[in-house]
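Just so we're clear, the structure is a prediction, and the values are computed from it rather than from any experiment. All chains are named by letter (A, B, ...) in the order of the sequence lines, taking the proteins before the strands, and each is independently numbered beginning at 1.
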Protein chains: 2
Amino acid sequence: MLKLSRLTDYAAVVMAQIARHPQASHAAADLAEAVQLPHPTVSKTLKMLVRAGLLASQRGAQGGYRLARPASQITAADIISAIEGPVAMTECSQAQGECELAATCGVADNWQRVSLAIRTLLESVTLAHLAASSPLKLPVQLPIQSISLSAVSA
Amino acid sequence: MLKLSRLTDYAAVVMAQIARHPQASHAAADLAEAVQLPHPTVSKTLKMLVRAGLLASQRGAQGGYRLARPASQITAADIISAIEGPVAMTECSQAQGECELAATCGVADNWQRVSLAIRTLLESVTLAHLAASSPLKLPVQLPIQSISLSAVSA
DNA sequence: TTAATTGGGTACCATTTTAGTCCTGTATAA
DNA sequence: TTATACAGGACTAAAATGGTACCCAATTAA
């Protein structure tokens, strides 16, 4: 399925919720309530996001979480790697030279290029885009196909 | 990590191996030997690839597997979905209307667009590209960033 | 200064997914 | 007819994932 883990999904939803009210400080319990998810799980996600430097936390009464930087400077790739680690399609596209099958594999280089393309795409989508209620109007279909065509003809 | 499962990885390697010798019929054991992976596991992936219509199998002596269609007409997305099911980043980007959190989520639409962009990208990479020994010269970085910029400014 | 609030960290358990193995059946070619 | 090779399914082991509980630390307000 090449899908995000459920926690990553939660993280995105929670980040979007915070991004829609950037001034306020958000308690974990309030966020859990707002997005209708179990408190401890949301809490866990929030901690990971803090550790990744995407959220800032304030302890004590009236404390809570807020964005560490503007939503336009937080990317989908940031959120994904905060929860799942670096975006990479295969083992060898992250740690180079650790695959003993490299000799017989023969597709590693090309997978890495595909990985890079996906990473670049995810870095181009910001939290501001995700949180926007009106759908992103990325003209994805035509331009990306034109990329592939130019690659084929090259 | 947003990574492919190991079986998908194997599938790509095996498909590439077959694609490099399109005339021959490849026995499962030979393929396993060639790519240095356990026979039964390779066998399993081969069966999945047949079921997905990417490979044709021939039983009996001198039998084996060969591509069901030219390598240029088999995409990375085909291989991935043969093993993992449809490419989709979130639960709700495949089966619509089955997420009871849709009301509080607020990011579903945009994730679906990102999913679509990735799927389109993966459909633009063919087995012929993957199997090529010379790396794909996809001009990924510039064009994709230009897409994102146009989306931001739109 | 004390109590209430709120995040931080850790350890643990249940579930699901993934990977790998084995066995038996069936088709084909020599 | 026999050796070869794929087909299908059941089963098991291991790992990742998701969720819970518990207790500690920091901050604020009464």
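For DNA chain C, the contact window with chain A, defined by any atom under 4.0 Å from a protein heavy atom, covers C:dT5 to C:dG9 in 5' to 3' order.
Between B:H26 and B:Q17, the shortest heavy-atom contact is CE1-O, 4.4 Å. When all heavy atoms of A:A12 and A:I79 are compared, the pair lying nearest together is N-CG2, 4.1 Å.
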Atom pairs under 3.5 Å, N or O on each side, protein against nucleotides 11-14 of chain D: can you list them with distances?
none

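A:P38 comes within contact range of the sugar-phosphate backbone alone, with a heavy-atom separation under 4.0 Å but no base atom that close.
For the atom pair CG (B:L46) and CE (B:M15), the distance works out to 9.5 Å, reported to the nearest 0.5 Å. The line from CG of A:N110 to NE2 of B:H129 is 9.0 Å long, rounded to the nearest 0.5 Å.
At least one donor-acceptor pair under 3.5 Å links the side chain of B:S115 to the backbone N or O of B:M89. Distance alone, capped at 3.5 Å, is enough to place a donor-acceptor pair between the B:R20 side chain and the B:A131 backbone. With hydrogens and angles disregarded, no donor-acceptor distance shorter than 3.5 Å links the side chain of B:E123 to the backbone of B:A77.
Taking atom NZ on A:K47 and atom P on D:dG18, their separation rounds to 16 Å, with Å as the unit. If you measure from atom CG of A:D9 to atom P of D:dG19, you get 11 Å, rounded to the nearest angstrom. The separation between A:L37 atom CG and D:dG19 atom P is 8 Å, rounded to whole Å. Straight-line distance from the CD1 atom of A:I83 to the P atom of D:dG19: 13 Å, rounded to whole Å.
Both A:L7 and A:Q62 lie close to DNA chain D; mapped to their nearest nucleotides by heavy-atom distance, the more 5′-ward contact belongs to A:L7.
Taking a 4.0 Å limit (strictly below) on heavy-atom distances, residues 48-60 of chain B reaches DNA chain C at B:Q58, B:R59, B:G60.
For the side-chain hydrogen bond (donor to acceptor under 3.5 Å, both in side chains) condition, no pair includes a residue of residues 45-54 of chain B, sequence neighbours left out.
Taking 4.0 angstrom as the limit, A:Y10 places none of its side-chain polar atoms (N or O) nearer than this to OP1 or OP2 of D:dT17.
Scored by the side-chain contact (heavy atoms from CB on, under 4.5 Å) test, B:P38 finds B:P40, B:T41 as partners (sequence neighbours excluded). Not counting sequence neighbours, the partners of B:S5 by the side-chain hydrogen bond (donor to acceptor under 3.5 Å, both in side chains) test are B:T8.
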Please set out all donor-acceptor pairs under 3.5 angstrom arising from side-chain atoms of residues 54-71 of chain B, sequence neighbours excluded.
unit_1	atom_1	unit_2	atom_2	d
B:R66	NH1	B:Q23	O	3.0
B:R69	NE	B:Q73	O	2.7
B:R69	NH2	B:Q73	O	3.4
B:R69	NH2	B:D78	OD2	3.1

